[in-house]
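This one's a predicted model, so the numbers in the text were calculated from it and none came from an experiment. Values below: all heavy atoms of this structure, side chains included; hydrogens, waters and symmetry mates excluded.
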Amino acid sequence: MARSLGVSLAEAYPQVAAMWLQERNGGLTPQKATPKMQVDVWWRCAAGHEWEERIANRTPLPKWKNGDVAACRECVGYRVSYTYPDCGHTVKVTPESAAKKRGRCWDCQNRWWRENEPRLKKELSATAKAAAGRAGKLLDTVVLPAEMPAPLATEWRWWAAKHLQGAIAAEEKMGKEGRTDEVLASVTEMAARLTPTKEKAGRAAATDGVLRILNQAHWAEGWLHVLTGRGPRPVAEQDFQDIALVLADYLQKWADDAAAQVAQNRANGYGPPGTPQITKALTAAVLDFNRLVLGPNCLAYRELRLPVVPDGKGRYGRADVVICTPLMPDLVIEIDSRPNPASAQKLAFARDTGAFPLWVRFGEGGIDKTDGVMVLDLREAVRGVREAGDGDGAS
């Protein structure tokens, strides 16, 4: 039997054409239509089921047709009629979809969501917060692997609680039955395989330097050090000093340019920049240094998590900037406006992995020295930036 586009549907598939519902298809007929025509038309089977479907979708022979190219989805049980109780629309869906007993069809659900979104989000948020205790009790039943580090367990619990609270709220406010059990099973399965392997950390360290854990970016070299117990790689002290000097010169130039810009802003009525603005600008300058000086083969990241917990903290610390380099040890950089013991601990950990730890300091307070950590003292440079914004020149 011919199947070319030049042959009409009536000639190529007479059994399909016999189900053509002419009174609803206007002037188009099976004699004018071709088997692969991308046009939606109406059909009616011998049992009286009516539906609209593209012509090209009626001529293939998938498994559900059981060898009958003209098979009706309802007659073979592949689709059933389902009336949504809330909106009253009747559609043909799979038996599995009908068993879920949703209240509204897709279009009506979307319209309802648009109309009720602000109110529902507030209610969901309030319900999720109220479910914190219940989520915590559920998580207490999960047995964590013995090899999971305690801080990672804390990270997992925070992540899992957030998802469980959302699931509880979805059950209570959106009628999603079984959602809590489903999410609990998912976070439990995640806990079983959460701790990274040496192989996974090694691959990450050898590629982009980032290890993804719970959708958070972690420093791969740091994890490789923790997992293997490997001592630091030999660090060329002169290379470390050279790159620190180059960065110091770059940041000094940044400070000079920033002072000029701040002075111009002062003339336009703006005051000196505050500490958050300075920190943000210095971070951007370090990222520019990587892009313009170190080059495209070096990858810079903000806020990478390190597998070290500073004193008094319950979760892993984060580095302000990590620069992963292919030919040198990674650079781990902290930027602080005052003495910060947590930064000292993070940089000491970076030193122990064999990285280049750099501490950019500005603002108030003295500078405590940490063995093996290079300090870039920008206190005077940043003071000049701030003074450029002071109308009276006061520091």
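A salt bridge links E189 to R193: at least one charged side-chain nitrogen sits closer than 4.0 Å to a carboxylate oxygen. Using a 4.0 Å cut-off between charged nitrogen and carboxylate oxygen, R44 and E50 count as a salt-bridge pair. Ion pairing between R305 and E155 holds under the 4.0 Å rule for side-chain N and carboxylate O. Taking the charged nitrogens against the carboxylate oxygens, R318 and E303 do have a contact shorter than 4.0 Å, which makes a salt bridge. Classification of E387 and R383 as a salt-bridged pair fails, no side-chain N sitting under 4.0 Å from a carboxylate O. Between R291 and D288, at least one side-chain N (NZ, or NE/NH1/NH2) sits under 4.0 Å from a carboxylate O, which counts as a salt bridge. Residues K100 and E96 are not paired through a salt bridge, judged by the lack of any N-O separation under 4.0 Å between the basic side chain and the carboxylate. With respect to D107 and R111, no salt bridge is recorded, no charged nitrogen being found less than 4.0 Å from a carboxylate O.
Residues L358 and M328 are members of one and the same hydrophobic cluster, defined by side-chain heavy-atom contacts under 4.5 angstrom among Ile, Leu, Val, Met, Phe, Trp and Tyr. In the hydrophobic clustering of this structure, V321 groups with I278; members are Ile, Leu, Val, Met, Phe, Trp, Tyr whose side-chain heavy atoms approach within less than 4.5 Å, directly or through other members. Grouping the Ile, Leu, Val, Met, Phe, Trp and Tyr side chains by contacts below 4.5 angstrom, directly or via other members, places F289 with F356. Linking ILVMFWY residues whenever their side-chain heavy atoms come closer than 4.5 Å, directly or via other members, places V246 and L287 in the same cluster.
The ring of W223 has its center closer than 6.0 angstrom to the ring center of Y316. For W20 and W43, the distance between ring centers is under 6.0 angstrom.
Residues T195 and P149 meet the side-chain proximity criterion, which asks for heavy atoms closer than 4.5 Å. Residues K253 and D257 have side chains in contact (heavy-atom distance under 4.5 Å, counting atoms from C-beta outward). Using a 4.5 Å cut-off on side-chain heavy atoms (C-beta onward), R157 and V142 make no contact. When side chains are defined from C-beta on, L139 counts as touching V187, because their heavy atoms get closer than 4.5 Å. Looking only at side-chain heavy atoms (C-beta outward), R351 and D371 come within less than 4.5 Å of each other. Between N66 and Y78 there is no side-chain heavy-atom pair separated by less than 4.5 Å. Contact of the T370 side chain with the W359 side chain is registered, since non-hydrogen atoms from C-beta on lie closer than 4.5 Å. Put simply, the side chain of I243 does not reach to within 4.5 Å of the side chain of L247, judged on heavy atoms.
The aromatic rings of Y82 and Y84 stand perpendicular to each other, their planes meeting at an angle above 60°, with 30° marking the opposite boundary.
With N290 contributing its side chain and C298 its backbone, the two residues share a donor-acceptor pair below 3.5 Å. A donor-acceptor pair under 3.5 Å is absent between the side-chain atoms of R361 and the main chain of R379, judged by distance alone. Looking only at distances, a side-chain donor or acceptor of E334 sits under 3.5 Å from a matching main-chain atom of D320. The backbone N or O of R179 lies less than 3.5 Å from a partner atom in the side chain of E171, making a donor-acceptor pair. Remark: side-chain polar atoms of N25 are paired, donor with acceptor, to backbone N or O of W42 under 3.5 angstrom. Side-chain atoms of Q277 come within 3.5 Å of backbone N or O of G274 as a donor-acceptor pair. Looking only at distances, no side-chain donor or acceptor of S186 sits under 3.5 Å from a matching main-chain atom of E182. Formation of a donor-acceptor pair under 3.5 Å by the T154 side chain with backbone atoms of A150 is found in this model. In this structure, the side chain of Q22 engages the main chain of G26 through a donor-acceptor pair within 3.5 Å. Here the side chain of S125 pairs no donor or acceptor atom with the backbone of K122 at under 3.5 angstrom.
Around the CH2 atom of W106, the shell of radius 6.0 Å holds no more than 12 heavy atoms that belong to other residues, nucleotides or ligands. For N215, the CG atom sits in a loose shell: 12 or fewer heavy atoms of surrounding residues, nucleotides or ligands are nearer than 6.0 Å. Counting heavy atoms of neighbouring residues, nucleotides and ligands inside a 6.0 Å radius, atom CG of L327 does not exceed 12 of them. Within 6.0 Å of CZ in R315 there are more than 12 heavy atoms belonging to other residues, nucleotides or ligands. Annotation: E177, atom CD; neighbour count of heavy atoms from other residues, nucleotides and ligands within 6.0 Å does not exceed 12. No more than 12 heavy-atom neighbours from other residues, nucleotides or ligands sit within 6.0 angstrom of CZ on R302. By the neighbour-count criterion of 12 heavy atoms within 6.0 Å, atom CD of E364 is sparsely surrounded, having that number or fewer from other residues, nucleotides or ligands.
Note that OG1 of T197 is 10.0 Å distant from CG of L224, once rounded to the nearest 0.5 Å. Atom CG of L251 and atom CG of D377 lie 12.0 Å apart (nearest 0.5 Å). T94 OG1 to R73 CZ: the interatomic distance, rounded to the nearest 0.5 Å, is 11.5 Å. Atom CG of residue D239 and atom OG1 of residue T325 lie 10.0 Å apart, to the nearest 0.5 angstrom. How far CG of N57 is from CD of Q38: 7.0 Å, rounded to the nearest 0.5 Å. Here CZ of R58 is found 5.5 Å from CD of E53. Values are rounded to the nearest 0.5 Å.
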* So F349 and V332, side chain to side chain contact (heavy atoms under 4.5 Å, CB included) or not? Walk me through it. -> CA-CA 10 Å; F349 172 80; V332 178; over 6 Å; no
* Asked: For W158 and L214, what are the C-alpha separation, side-chain angles and deciding distance, and is it a side chain to side chain contact (heavy atoms under 4.5 Å, CB included)?
  -> CA-CA 10 Å; W158 170 84; L214 296 176; over 6 Å; no
* To do: Evaluate side chain to side chain contact (heavy atoms under 4.5 Å, CB included) for N340 paired with R338, printing each intermediate quantity in order.
  => CA-CA 6 Å; N340 187 344; R338 57 175 57 89; 5.8 Å; no
* In sequence, state the C-alpha distance, the side-chain angles, and the governing distance for D242 and Q238, and then conclude on side chain to side chain donor-acceptor pair (under 3.5 Å). => CA-CA 6 Å; D242 288 347; Q238 189 58 52; 2.8 Å; yes
* To do: Kindly indicate, with the supporting measurements, whether the criterion side chain to side chain contact (heavy atoms under 4.5 Å, CB included) is fulfilled by L282 and L378.
  => CA-CA 10 Å; L282 276 170; L378 292 184; 3.7 Å; yes
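Between T59 and K65 the shortest heavy-atom distance is N-NZ, 4.4 Å. Nearest heavy atom pair, residue G166 against residue A128, reads N-CB, 4.4 Å. Closest heavy-atom contact between V69 and P60: CG2-O, 3.7 Å. When all heavy atoms of F362 and V382 are compared, the pair lying nearest together is CB-CG2, 3.6 Å. Contact detail for C75 and H49: the closest heavy-atom pair is SG-ND1, 3.5 Å. Across all non-hydrogen atoms, the minimal contact from S81 to E74 is OG-OE1, 2.8 Å.
Remark: of the listed residues L299, D330, L331, L331 is the sole one forming a side chain to side chain contact (heavy atoms under 4.5 Å, CB included) with I323.
Remark: the R386 side chain and the T275 side chain contain an N/O donor-acceptor pair separated by less than 3.5 Å. Residues N265 and Q261 have side chains that bring a donor and an acceptor to within less than 3.5 angstrom of each other.
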